[in-house]
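Labels below follow one simple rule: chain letters A, B, ... track the order of the sequence lines, proteins then strands, and each chain is numbered from 1. The figures here come from the full heavy-atom set of this structure, side chains too, leaving out hydrogens, waters and symmetry mates.
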Amino acid sequence: MGNPTDDQGESGSVDFVRQKVEADNETGKFDQRVVTRFPPEPNGFLHIGHAKSICLNFGIAEEYGGVCHLRMDDTDPTKEDVDFVEAIQQDITWLGFRWHGDVRYASDYFEQLYEWAVQLINSGKAYVDSQSIEEIRRNRGTSAEVGVESPFRDRSVEENLDLFQKMRAGEFGDGEHVLRARIDMASPHLIMRDPIMYRIRHAHHYRQGDDWCLYPMYDFTHGQSDSIEGVTHSICTLEFENNRRLYDWYIEQLGIYAPEQTEFARLNLTHTVMSKRRLLQMVNDGMVVGWDDPRMPTIRGLRRRGYTPEAIREFCSRIGVTKFDGVTEIALLEHCLREDLNRTSERRMAVLRPLKVVIENFPEGQVEELEAINNPEDESAGTRNVPFSRELYIERDDFMEDPPKKFFRLAPGREVRFRYAFFVTCNDVIKDESGEVIELRCSYDPETRGGSAPDGRKVKSTIHWVSAAHAVRAEVRLYDHLFSEPDPSVIARDDDWVQHLNPNALETLEECCLERSLGEATDGQRFQFERLGYFCVDQDSHPETLVFNRTVTLRDQWAKLQKQK
RNA sequence: UGCCCGAUAGUGUAAUGGUAGCACGAGUGACUCUGAAUCACUUAGUCUAGGUUCAAAUCCUAGUCGGGCAACCA
């Protein structure tokens with residue numbers, strides 16, 4: 001059993017959902033049981049917003065000595081698929097959580113649900129309505145006017161039973177009848193105006209096959225499923241607040257065990273969207289390469305991008321849980337990512353946009369092996385050797401022919417340190433016909449081997465480099481925010497939302513030069529490319545053609561300075 | 001027009017009738033063989049108006065603003 005106080009930080013405070021759990025444990029409302037559940041509909045892939053819910057539900061169970069179920073909310077046969085069931089399990093497992101017992105399915109409760117529906121018919125609380133969809137919709141009324149009762153509302157119990165049985169038996173076509181709860185067509189709560197419990201759908205269910213042509217609605221399924229599983233705290237997002245009234249009504253009418261529904265605000269993140277519809281459209285229209293595109297906020301997208309489960313969980317714990325529907329800055333997610341990656345990633349040198357450097361006073365054919373630290377944050381990561389030779393590559397951005405004031409890197413006549421190697425001075429600049437700098441002629445000081453000068457002289461900066469002869473070529477994909485527009489609600493509302501897509505969300509660099517040791521990097525491995533950012537090996541990578549994804553850049557004072565101008 | 005929910009620095013949150021804190025961001029500086037990391041400092045807040053109280057971010061009333069509800073979706 002976990003101790004909740006371990007995770008509460010210095011404030012010692014917990015969110016309102018945990019407070020409720022603690023209060024219930026104190027009063028013994030659920031006999032000290034804590035059972036939560038994560039109930040996705042298997043009709044899409046999980047995203048970072050789901051991660052918040054997963055961390056909440058699994059986290060609470062863990063912290064209070066309870067259990068968390070994984071239940072597929074699969075009551076709409078036209079949308080759900082076994083592939084999603086698979087993917088959902090993979091993603092939750094990758095995030096680091098284990099559900100209690102087997103995966104559960106709302107569709108496994110169909111028979112019980114049917115019996116309960118019959119029970120409600122018998123008690124006069126449900127009836128078969130034979131109005132058309134349009135009539136039902138029209139007669140529901142609006143917020144301003146009450147609804148109109150269906151002419152079929154007062155059918156006898158016998159007739160309802162007979163009709164409902166025939167509905168199940170497949171004697172009617174889609175849409176001919178529905179089963180409705182008999183509540184109050186004049187209720188100020190729209191959801192209580194005789195909500196639909198069952199609809200006819202002659203459709204193949206990915207699990208139940210063709211056993212059913214009658215499918216229960218979410219509201220007639222969710223609460224009872226929670227009840228069957230003995231869930232204590234049914235935690236869901238804000239948009240179900242209105243549904244709680246119905247949730248409780250069904251449970252009460254049925255006289256079954258009552259879980260307690262609590263709603264919290266779903267996660268919104270700047271510079272991205274969480275809506276299934278938008279995400280699907282981006283995949284379908286080829287704006288991204290798939291659900292696992294590293295630009296996507298999906299769990300698989302983030303995973304491929306190089307995010308760690310630890311970073312995502314830390315993020316979820318830091319954003320807190322409230323009922324306020326706000327927007328969290330993606331900078332916080334990135335902060336959590338960097339924090340984790342800084343601690344765990346080995347450092348390497350990689351030159352993304354190579355500029356050739358020739359060390360004129362370094363003997364041709366000679367190679368110096370220099371020792372480099374793998375991870376300054378973790379001594380146990382050890383060291384490695386990097387080869388230094390006469391011809392090297394440095395980052396184009398690390399040289400300026402006519403440097404502005406605060407530019408500390410290489411420039412004509414200037415001396416800088418080559419990381420883990422020597423002090424190097426730029427003597428000459430070679431350009432092509434168009435005037436572009438294509439090569440630097442430099443000299444090195446052999447006395448500075450290892451990076452410091454015996455005479456104590458200092459340099460303003462240290463830059464990374466790669467030995468040309470030993471360089472491993474690679475493709476590097478630079479990722480950035482999916483949308484240039486920070487506010488996701490603008491993207492969600494705007495019909496022309498595609499204009500907000502960030503055209504620079506992906507930039508592919510083909511001829512990058514990596515240090516020798518990166519030659520054996522394999523799928524999923526993460527590194528910090530010094531001074532650039534965190535990168536991971538993409539699944540497209542092969543030993544012949546390495547492919548790296550930029551997970552996130554390092555914080556960059558220089559870039560910030562330039563932006564200010 | 002009805003019903004439900006919400007509102008604390010730029011952003012996310014804490015304070016549960018008794019000193020408005022924290023984190024991210026932003027800014028400044030120190031340090032540095034990563035313009036990283038680290039460290040220090042600065043920045044900036046209780047939606048409005050009444051009421052209850054010795055005392056209100058917190059309780060009450062009204063208003064304002066924001067979100068949600070009228071799929072045979074979940």
Side-chain angles (χ1 to χ4, degrees), chain A residues 9-16 19 39-41 43 73-76 78-80 129 132-133 136-138 140-147 174-175 177-180 187-193 196-201 215 217-219 221-222 236-245 263 265 270 276 318-336 338-339 342-343 347 349 372-373 376-377 406-409 416-421 423 450-452 458-464 486 489 528-533 553-561:
Chain A
E10 293 181 12
S11 68
S13 66
V14 293
D15 60 71
F16 81 100
Q19 281 176 36
E41 183 186 16
N43 72 340
D73 233 337
D74 54 356
T75 58
D76 186 349
T78 64
K79 292 183 179 165
E80 295 141 10
D129 193 359
S132 67
I133 295 179
I136 290 177
R137 197 171 299 161
R138 190 171 347 112
R140 186 152 26 223
T142 64
S143 55
E145 45 186 329
V146 299
D174 289 6
H177 308 281
V178 292
L179 186 73
R180 288 234 251 172
S187 173
H189 309 285
L190 264 13
I191 195 153
M192 301 303 274
R193 316 244 263 227
I196 291 168
M197 295 163 59
Y198 273 93
R199 74 288 211 189
I200 298 170
R201 279 250 201 291
Y215 290 93
M217 301 286 290
Y218 165 84
D219 287 304
T221 306
H222 198 88
C236 61
T237 44
L238 252 27
E239 69 267 28
F240 292 100
E241 272 177 325
N242 293 306
N243 301 55
R244 188 175 68 237
R245 195 174 293 269
E263 311 84 13
T270 58
K276 249 174 211 173
R318 286 214 206 178
I319 55 178
V321 181
T322 65
K323 290 174 87 83
F324 177 68
D325 185 21
V327 184
T328 300
E329 288 176 344
I330 202 165
L332 181 59
L333 212 211
E334 292 168 343
H335 168 79
C336 295
R338 291 189 182 107
E339 190 176 55
N342 175 51
R343 225 177 14 235
R347 268 106 250 229
M349 290 198 285
I373 295 165
E377 306 286 327
K406 298 215 173 136
F407 185 85
F408 304 142
R409 283 109 93 147
V416 300
R417 174 166 37 232
F418 276 33
R419 179 90 160 143
Y420 293 124
F423 285 11
S452 54
K458 303 280 185 205
V459 288
K460 265 296 224 183
S461 91
T462 300
I463 65 174
H464 61 278
S489 70
Q528 181 197 102
F529 289 176
E530 295 216 24
R531 304 208 307 129
L532 298 174
T553 61
L554 248 33
R555 286 182 67 218
D556 189 344
Q557 288 290 328
W558 172 240
K560 217 175 274 175
L561 252 178

Visitor: Within the side chain of A:Q528, is there an N or O that forms a donor-acceptor pair under 3.5 Å with the backbone of A:N342?
Guide: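 Between the backbone of A:N342 and the side chain of A:Q528 there is no qualifying donor-acceptor contact (under 3.5 Å).
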Visitor: Is the shortest side-chain heavy-atom distance between A:R180 and A:I136 below 4.5 Å?
Guide: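 Yes, at least one pair of side-chain atoms sits under 4.5 Å.
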Visitor: So what does A:Q19 touch, heavy atoms closer than 4.0 Å: a base, only the sugar-phosphate, or nothing?
Guide: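 Base, at least one base atom sits under 4.0 Å.
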Visitor: For the residue pair A:Y218 and A:F240, categorise the inter-ring angle as parallel (less than 30°), tilted (30 to 60°) or perpendicular (more than 60°).
Guide: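 Tilted.
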Visitor: Check for a donor-acceptor pair, side chain of A:E339 on one end and backbone N or O of A:H335 on the other, with a separation under 3.5 Å.
Guide: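 Not confirmed, A:E339 side chain does not pair with A:H335 backbone.
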Visitor: Determine, step by step, whether A:E263 and A:R244 satisfy the salt bridge (Lys or Arg N to Asp or Glu O under 4.0 Å) criterion, reporting the C-alpha distance in whole Å, the side-chain angles of both residues, the deciding distance to 0.1 Å, and the verdict.
Guide: CA-CA 9 Å; A:E263 311 84 13; A:R244 188 175 68 237; 2.6 Å; yes
Visitor: Closest nucleotide of RNA chain B for A:S452 versus for A:K79: which of these residues is on the 5' side?
Guide: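 Of the two residues, A:S452 wins.
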Visitor: Are A:R531 and A:I463 packed together at the side-chain level, in the sense that at least one heavy-atom pair is separated by less than 4.5 angstrom?
Guide: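 A:R531 vs A:I463: side chains touch.
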Visitor: A:Y218 OH to B:C72 P: how many Å, rounded?
Guide: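 Rounded to whole Å, this separation is 16 Å.
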Visitor: Atom CZ of A:R193 to atom C1' of B:A71: distance rounded to whole Å?
Guide: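 That distance rounds to 16 Å.
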Visitor: A:R245 has an atom CZ; how far is it from atom C1' of B:A70, in whole Å?
Guide: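 Rounded to the whole Å, the gap is 16 Å.
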Visitor: Measure the distance from CZ on A:F16 to C1' on B:U16 and round it to the nearest whole Å.
Guide: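 One finds 14 Å between C1' of B:U16 and CZ of A:F16, rounded.
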Visitor: Whole Å only: how far is the NE2 atom of A:H222 from the P atom of B:A74?
Guide: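 Computing the A:H222:NE2 to B:A74:P distance gives 11 Å.
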Visitor: Expressed in whole Å, how much space separates the P atoms belonging to B:U34 and B:G68?
Guide: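 Their P atoms lie roughly 49 Å apart.
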Visitor: Pick base, sugar-phosphate or nothing for A:R419, based on heavy-atom distances below 4.0 Å to the nucleic acid.
Guide: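 Here A:R419 touches the bases of the nucleic acid.
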Visitor: Between B:G18 and B:C72, how far apart are the P atoms? Round to whole Å, please.
Guide: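 Approximately 48 Å lies between the P atom of B:C72 and that of B:G18.
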Visitor: For the atom pair NZ (A:K458) and OG (A:S452), what is the distance rounded to the nearest 0.5 Å?
Guide: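 Rounded to the nearest 0.5 Å, the NZ-OG separation comes to 8.0 Å.
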Visitor: Go through the structure and list residues passing side chain to side chain contact (heavy atoms under 4.5 Å, CB included) with A:F408, not counting sequence neighbours.
Guide: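 Partners of A:F408 by the side chain to side chain contact (heavy atoms under 4.5 Å, CB included) criterion, ordered by chain and then number, come out as A:K460, A:S461.
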Visitor: Whole angstrom is fine here: how far is it from CD1 in A:I330 over to C1' in B:C24?
Guide: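 The distance from CD1 of A:I330 to C1' of B:C24 comes to 13 Å, rounded to the nearest Å.
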Visitor: Suppose you measure atom C1' in B:A55 against the same atom in B:A20; what distance do you get, rounded to whole Å?
Guide: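 The answer is 15 Å between these two C1' atoms.
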Visitor: Please write out each protein N/O paired with an N/O of nucleotides 61-64 of chain B under 3.5 Å, distance rounded to 0.1 Å.
Guide:
none

Visitor: Check whether any side-chain heavy atom of A:M217 sits under 4.5 Å from a side-chain heavy atom of A:V178, and report yes or no.
Guide: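 Contact flag for A:M217/A:V178 side chains = no.
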Visitor: Would you say A:R201 places a side-chain N or O within less than 4.0 Å of OP1 or OP2 belonging to B:C73?
Guide: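 Result: yes.
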Visitor: Along nucleotides 6-12 of chain B, 5' to 3', which nucleotides get a B, which get an S, and which get a -, given that the test is a protein heavy-atom distance under 4.0 Å?
Guide: SS--BSS
Visitor: For the side chain of A:R193 and the backbone of A:S187, is there at least one donor-acceptor N/O pair under 3.5 Å apart?
Guide: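 It does hold such a pair.
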Visitor: Does any N or O in the side chain of A:R419 come within less than 3.5 Å of the main-chain N or O of A:G451, such that one atom is a donor and the other an acceptor?
Guide: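 No.
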Visitor: NA contact type, A:Y198, heavy-atom cut-off 4.0 Å: base, sugar-phosphate, or nothing?
Guide: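 Result for A:Y198 = nothing.
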Visitor: For each nucleotide in nucleotides 35-48 of chain B, reading 5' to 3', give B when a protein heavy atom comes within less than 4.0 Å of its base, S when such contact involves only the sugar-phosphate, and - otherwise.
Guide: BSS-----------
Visitor: According to ring pair (Phe, Tyr, Trp, His ring centres under 6.0 Å), who are the partners of A:H177, at least two apart in sequence or on a separate chain?
Guide: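 Testing A:H177 for ring pair (Phe, Tyr, Trp, His ring centres under 6.0 Å), a comparison that skips the adjacent residues, returns A:F172.
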Visitor: Output the distance between atom CG (A:L333) and atom CZ (A:R318), rounded to the nearest 0.5 Å.
Guide: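 Between atom CG of A:L333 and atom CZ of A:R318 there are 11.0 Å.
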Visitor: How long is the straight-line distance from CG of A:L179 back to CD1 of A:I196, given to the nearest 0.5 Å?
Guide: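 A:I196 atom CD1 to A:L179 atom CG measures 9.5 Å (nearest 0.5 Å).
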Visitor: How is A:T78 classified with respect to the nucleic acid when contacts are heavy atoms under 4.0 Å: base, sugar-phosphate, or nothing?
Guide: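 Nothing, no heavy atom under 4.0 Å.
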Visitor: Rounded to whole angstrom, note down the C1' distance from B:A36 over to B:U42.
Guide: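 About 22 Å, rounded to a whole number of Å.
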Visitor: What's the closest nucleotide to the A:F240 side chain, out of B:C72, B:A26, B:A74?
Guide: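 Looking only at side-chain atoms, A:F240 lies closest to B:A74.
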Visitor: How close or far is atom C1' of B:C4 from atom CG of A:N242, stated in whole angstroms?
Guide: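 Distance check: A:N242 CG to B:C4 C1' gives 5 Å.
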Visitor: For B:C73 and B:C65, measure between their P atoms and round to the nearest Å.
Guide: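 Here B:C73 and B:C65 have their P atoms 35 Å from each other.
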Visitor: Hey, is the main chain of A:E239 close enough, under 3.5 Å, to the side chain of A:T237 for a donor-acceptor pair?
Guide: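 No; zero donor-acceptor contacts below 3.5 Å.
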Visitor: Report the C-alpha distance between A:D174 and A:R199 in whole Å, list the side-chain angles of each, state the deciding distance to 0.1 Å, and finish with yes or no for side-chain contact (heavy atoms from CB on, under 4.5 Å).
Guide: CA-CA 8 Å; A:D174 289 6; A:R199 74 288 211 189; over 6 Å; no
Visitor: What's the verdict on side-chain contact (heavy atoms from CB on, under 4.5 Å) for A:R347 and A:E377, showing C-alpha distance, side-chain angles and the deciding distance?
Guide: CA-CA 10 Å; A:R347 268 106 250 229; A:E377 306 286 327; 4.3 Å; yes
Visitor: In whole Å, what is the span from the CD1 atom of A:I196 to the P atom of B:A70?
Guide: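 Answer to the nearest Å: 12 Å.
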Visitor: Report which part of the nucleic acid A:E530 touches: base, sugar-phosphate, or nothing (heavy-atom distance under 4.0 Å, all strands).
Guide: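 Base: the residue A:E530, judged by heavy atoms under 4.0 Å, touches a nucleobase.
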Visitor: Between A:D73 and A:P188, which is nearer to the 5' end of RNA chain B once each is assigned its nearest nucleotide?
Guide: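 The residue closer to the strand's 5' end, by nearest nucleotide, is A:P188.
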Visitor: Using the C1' atom as the reference point in each nucleotide, state the distance between B:G21 and B:U58 in Å, no decimals.
Guide: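 Result for the C1' pair: 15 Å, nearest Å.
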Visitor: What distance, rounded to whole Å, do you find between the two P atoms, one in B:A9 and one in B:A57?
Guide: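 The same atom, P, in both gives a distance of 14 Å.
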Visitor: At 4.0 Å (heavy atoms only), tell me whether A:N243 reaches a base, stays on the sugar-phosphate, or touches nothing.
Guide: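 A:N243: base contact, heavy atoms under 4.0 Å.
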Visitor: Quick one: the dot-bracket string of RNA chain B, using Watson-Crick and G-U wobble pairs with both distances under 3.5 Å, [ ] for crossing pairs and | for bases paired to another strand.
Guide: .((((((..((((....[..))))((((((.......))))))...(((((..]....))))))))))).....
Visitor: Counting just side-chain N and O atoms, does A:R199 come under 4.0 Å of either OP1 or OP2 of B:C73?
Guide: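 Affirmative; the distance criterion is met.
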Visitor: Base of B:A57 relative to its sugar, syn (within 90° of 0) or anti?
Guide: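 The base of B:A57 is oriented anti (glycosidic angle more than 90° from 0).
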Visitor: For B:C3, take OP1 and OP2 only and decide whether either is under 4.0 Å from a side-chain N or O of A:R244.
Guide: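 Indeed not, no polar side-chain atom of A:R244 lies that close.
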Visitor: Expressed as a whole number of Å, how far does the P atom of B:U46 sit from that of B:G12?
Guide: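 15 Å, rounded to whole Å.
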